[in-house]
Protein chains: 4
Amino acid sequence: MGLTVSAKPIGRARHVAGRTRTSERRRQILSSAFEEFAAKGYEAARLDDVARRAQIAKGTIYLHFKNKEVLFRAVVRDRIQSLLEKFCARRKGVPVSAEELLRELLTRQFAAMAKNENARGILRLLVAESGKFPRLASVYRREIIEPGTAAIRSVIEKGSAAGEFEKRKVAEFPQILAAPAVLAAVWMLVLSDPKPFDLDGYLDAYLELLIAGLRKTRAREDGETRK
Amino acid sequence: MGLTVSAKPIGRARHVAGRTRTSERRRQILSSAFEEFAAKGYEAARLDDVARRAQIAKGTIYLHFKNKEVLFRAVVRDRIQSLLEKFCARRKGVPVSAEELLRELLTRQFAAMAKNENARGILRLLVAESGKFPRLASVYRREIIEPGTAAIRSVIEKGSAAGEFEKRKVAEFPQILAAPAVLAAVWMLVLSDPKPFDLDGYLDAYLELLIAGLRKTRAREDGETRK
Amino acid sequence: MGLTVSAKPIGRARHVAGRTRTSERRRQILSSAFEEFAAKGYEAARLDDVARRAQIAKGTIYLHFKNKEVLFRAVVRDRIQSLLEKFCARRKGVPVSAEELLRELLTRQFAAMAKNENARGILRLLVAESGKFPRLASVYRREIIEPGTAAIRSVIEKGSAAGEFEKRKVAEFPQILAAPAVLAAVWMLVLSDPKPFDLDGYLDAYLELLIAGLRKTRAREDGETRK
Amino acid sequence: MGLTVSAKPIGRARHVAGRTRTSERRRQILSSAFEEFAAKGYEAARLDDVARRAQIAKGTIYLHFKNKEVLFRAVVRDRIQSLLEKFCARRKGVPVSAEELLRELLTRQFAAMAKNENARGILRLLVAESGKFPRLASVYRREIIEPGTAAIRSVIEKGSAAGEFEKRKVAEFPQILAAPAVLAAVWMLVLSDPKPFDLDGYLDAYLELLIAGLRKTRAREDGETRK
DNA sequence: GATGAATGAGAGTTCATTCAT
DNA sequence: TATGAATGAACTCTCATTCAT
């Protein structure tokens with residue numbers, strides 16, 4: 001999982017041979033476009049504004065992207081790519097307990113998801129535009145969600161195997177553990193808060209609850225599953 | 001069902017000559033408009049399509065709503081209203097344990113949020129358009145989120161007071177308990193799945209984990225809070 | 001010239017037999033319509049506003065007038081009619097000098113034209129809409145301008161014949177004598193003045209100049225026409 | 001021609017790269033728009049027709065003018081500007097009698113007003129639309145009427161001072177002398193004549209009358225003002 | 001006759017896209 | 001490559017006209 005990922009960029013760069021001159025313009029446009037799309041959504045975003053933000057002429061966009069839709073897709077793919085890099089950054093270090101691993105993983109995912117404006121922008125675009133662009137969601141799922149979920153599952157399983165965690169049904173729905181991060185992101189997206197909310201306290205409270213729910217208790221426990 | 005809420009409708013209905021004649025058209029338009037807006041977003045939705053869906057002429061919309069923006073706001077308010085009614089439906093019954101209460105509350109919220117297409121539509125609109133319509137988010141927060149969060153908090157506190165639950169920091173962030181519902185809703189919104197995902201199993205797994213995390217253990221517990 | 005005119009109303013009244021009940025509604029509409037048309041012009045006037053002003057339902061207008069254009073024509077004809085009555089009101093009295101007659105005639109025309117809001121409204125409509133409704137101008141010319149011009153001419157000729165006035169070329173362009181009245185009307189129409197302007201002083205100054213120009217001088221005058 | 005006026009154009013031209021490139025389109029639009037507005041009035045004029053007349057696409061208009069209203073205002077201002085130039089064209093030449101000056105001035109104003117289709121178009125627009133655009137009338141008054149009136153007054157006063165003209169009250173209402181020009185313009189505007197009317201004869205007759213009314217008679221004259 | 005909700009053609013305006021420079 | 005003026009399809013909104021009540 002150690003991601004060589006960045007080696008296969010989704011957006012194909014052009015003129016790979018020699019200088020990647022164009023790529024600069026391209027990135028400039030992608031970046032401006034992301035800001036516009038993230039702020040206003042696909043339909044409401046104006047290519048005029050993208051161009052102005054990128055300090056280029058409107059026509060120039062068309063030298064790099066066939067049309068608005070292609071630009072949009074490229075923007076989302078590009079951002080998913082960069083999110084992926086954040087997400088999968090690997091700690092190198094001594095092996096530790098499953099609990100430790102889980103804390104670390106979720107903290108990292110939380111940072112990548114809730115504390116990262118980019119990620120929130122992507123989330124907004126996916127929620128808003130997945131009706132019109134279903135394939136982007138597939139990319140997102142394949143590149144982000146599934147690896148992320150798999151990582152969580154593997155830690156849970158490791159904990160169970162080591163007798164550190166109870167065997168619980170969450171193992172089959174590992175995305176549940178990422179729910180608070182998503183909630184936080186949505187919350188910040190929707191509720192442009194005056195008092196933005198204490199993300200660290202929130203995470204801390206969540207982890208406390210989660211670990212308590214997972215950790216194997218010494219004493220016999222019978223039937224916390226009702227019925 | 002105990003809701004007095006329906007007594008103060010946000011969109012003022014006009015009671016013409018006894019019966020609420022106009023309101024019928026109004027509801028018809030609101031309903032068609034919701035479907036269009038939820039499917040395409042504010043900008044991409046076409047009033048032409050709204051009219052066609054409602055089987056009326058385009059101009060008729062303007063007899064009931066000043067313009068697209070006003071229609072949009074009315075749509076969201078109307079839906080928040082109806083969501084509210086779902087959310088606050090009250091079980092009348094014998095008092096039960098905090099655990100029982102919590103299960104019931106979260107199950108209800110889960111049903112209202114994740115299993116309800118309306119609610120997902122509202123969520124999509126809020127995420128997509130909160131930039132352009134910040135006041136709608138305020139309504140949503142006031143009408144839905146805050147009551148919902150308060151309800152969760154009160155159950156947690158009741159459980160703590162009764163010695164049924166551990167004292168945990170989640171009490172300060174009760175929205176965490178609703179996170180899996182939101183995640184499920186977002187999931188379904190974004191990932192228009194071929195195999196849609198087992199909502200009941202998901203909820204069950206979550207509740208198992210949650211209750212385990214909250215329930216007071218008989219045996220001595222020392223420091224599940226790390227550090 | 002003593003006008004039997006009002007006996008042949010241009011706008012045909014309906015249900016002449018028995019009660020002229022409808023005519024009341026008709027007049028009500030004509031009156032409201034005139035105000036709207038005069039204030040905003042044909043295109044910009046809204047039948048909605050006409051109806052509101054007349055305190056009737058919009059559809060009712062169509063019971064009395066086939067459509068907007070017909071209503072407009074009826075309005076202008078109606079007003080020309082009433083202007084005509086003002087214009088042609090006859091002084092009964094002892095015969096007087098041509099100068100006296102001329103003063104009186106022009107004073108009356110001035111009052112009818114410049115001091116009368118109705119007349120200004122008609123003028124505005126004629127100027128604004130004569131492109132679209134050329135026939136109205138013909139009515140106006142036939143009913144108002146030609147009689148008015150003829151009256152002026154006849155007084156000038158009477159004065160010349162009586163040796164009271166010089167023989168002047170104005171006799172061939174009698175409308176020149178009405179020019180100051182028209183100018184005053186246009187002035188008031190266009191320049192919605194803070195200090196509205198002294199109409200009586202204006203008329204007085206004009207008549208002084210005019211009479212001086214027409215009156216036969218005792219001394220021999222040769223060739224005030226240059227060259 | 002003595003006009004510095006053209007040095008401060010009201011509509012700001014954009015001097016792009018040396019020559020005034022854009023201005024050409026702008027003038028083209030202004031000109032087509034004037035014809036449409038003058039023929040049909042503000043409301044009835046269609047931007048489609050303006051575009052067609054200018055042989056451009058409808059959207060192009062919006063590259064030069066924010067909207068219809070702004071275009072309209074620009075059109076009127078532009079035309080007032082050009083009228084002004086006509087109006088104020090200065091004869092350079094030997095000093096002559098007041099009578100001569102007055103003839104010349106009024107002849108010029110007559111030509112600018114009555115014989116000039118532009119001027120008639122402006123007049124029509126002012127009369128028709130001054131209700132909706134009161135500020136345009138102010139511009140017209142300031143730029144055209146007041147200078148024109150002042151010019152007439154100054155000639156009258158010069159004639160009085162030189163003993164050439166009687167002292168008359170018209171000196172206080174100099175616009176009276178311009179009335180025949182306005183009447184002629186209105187006449188042509190409203191009465192789209194088959195036999196258009198002999199403008200030169202008309203002017204001639206007017207000047208004859210006017211000069212006779214102003215000129216000092218040798219013999220004693222007492223009290224041509226009655227009463 | 002009177003009403004006013006409903007209609008839909010047609011207007012102003014926007015903006016993704018093109019293309020001569 | 002880069003530009004930005006030009007395009008025109010498509011949108012929102014208006015309002016004269018109709019018609020069931």
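Predicted model only: the values in this text are computed from it and were never measured. Excluded from the calculations below are hydrogen atoms, water molecules and symmetry mates; all remaining heavy atoms, backbone and side chain alike, are included. Residue numbers begin at 1 in each chain, while the letters A, B, ... track the order of the sequences.
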Original post:
Can you list, by residue number, the residues of residues 51-61 of chain A that have a non-hydrogen atom closer than 4.0 angstrom to DNA chain F?
Top reply: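 Residues of residues 51-61 of chain A that come under 4.0 Å of DNA chain F are, in numerical order, Ile56(A), Ala57(A), Lys58(A), Gly59(A), Thr60(A).
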Nearest whole angstrom, please: distance from the [atom2] of [N] to the [atom1] of [X].
X	N	atom1	atom2	answer
Phe72(A)	dA16(E)	CZ	C1'	16 Å
Asn67(D)	dA11(E)	CG	P	17 Å
Tyr42(D)	dA11(E)	OH	P	14 Å
Glu36(B)	dT12(F)	CD	C1'	15 Å
Glu24(B)	dA6(E)	CD	P	11 Å
Lys66(D)	dC15(E)	NZ	C1'	16 Å
Phe65(D)	dT14(E)	CZ	P	15 Å
Asp48(D)	dA10(F)	CG	P	15 Å

Original post:
Think Arg25(C) has a side-chain N or O under 4.0 angstrom from the OP1 or OP2 of dG1(E)?
Top reply: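 For dG1(E), OP1/OP2 do not have a side-chain N/O of Arg25(C) under 4.0 Å.
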**OP:** Identify, between Glu43(D) and Arg46(B), the residue whose nearest nucleotide on DNA chain F lies closer to the 5' end.
**Re:** Arg46(B)
Subject >> Under-4.0 Å salt bridge between Arg46(B) and Glu43(A) >> reply: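 Yes, charged N to carboxylate O under 4.0 Å.
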Between [options], which nucleotide has the shortest distance from any of its atoms to the side chain of [X]?
X	options	value
Lys68(A)	dT18(F), dC13(F), dT17(E)	dT17(E)
Leu47(C)	dT12(F), dA16(F), dT13(E)	dA16(F)
Tyr62(B)	dT3(E), dT14(F), dT13(E)	dT14(F)
Leu63(A)	dT17(F), dT14(E), dT3(F)	dT3(F)
His64(D)	dA6(F), dT7(E), dG12(E)	dA6(F)

**OP:** Hey, could you give me the OH/CD distance between Tyr42(D) and Glu129(D), rounded to the nearest 0.5 Å?
**Re:** 8.5 Å
Original post:
In Å and rounded to the nearest 0.5 Å, what is the CD1 to CG distance from Ile29(B) to Leu71(B)?
Top reply: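 Answer for the CD1-CG pair, Ile29(B) versus Leu71(B), is 7.5 Å.
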Original post:
Step by step, would you call Lys40(B) with Asp49(B) a side chain to side chain contact (heavy atoms under 4.5 Å, CB included)?
Top reply: CA-CA 11 Å; Lys40(B) 313 207 188 127; Asp49(B) 295 336; 3.2 Å; yes
Original post:
Using a cut-off of 4.0 Å on non-hydrogen atoms, how would the nucleic acid contact of Ala44(C) be classed: base, sugar-phosphate, or nothing?
Top reply: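 No contact.
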Subject >> Dot-bracket encoding per residue of DNA chain E, Watson-Crick/G-U cut-off under 3.5 Å, | denoting interstrand >> reply: .||||||||||||||||||||
What's the shortest heavy-atom distance between [X] and [Y], and which atoms?
X	Y	answer
Arg26(A)	His64(A)	NH1-O, 3.9 Å
Tyr62(D)	Asn67(D)	CE2-CA, 3.9 Å
Phe34(B)	Gly121(B)	CZ-CA, 4.0 Å
Ala128(D)	Ala128(C)	CB-CB, 3.4 Å

**OP:** Verify side chain to side chain contact (heavy atoms under 4.5 Å, CB included) between Phe37(D) and Lys68(D), making sure each step is shown before the conclusion.
**Re:** CA-CA 11 Å; Phe37(D) 283 134; Lys68(D) 192 183 183 183; 4.1 Å; yes
Residues 130-137 of chain B side chain polar contacts: donor-acceptor under 3.5 Å, at least two apart:
from      : atom 1 : to        : atom 2 : distance (Å)
Ser130(B) : OG     : Arg124(A) : NH2    : 2.8
Ser130(B) : OG     : Leu189(A) : O      : 3.2
Ser130(B) : OG     : Leu126(B) : O      : 3.1

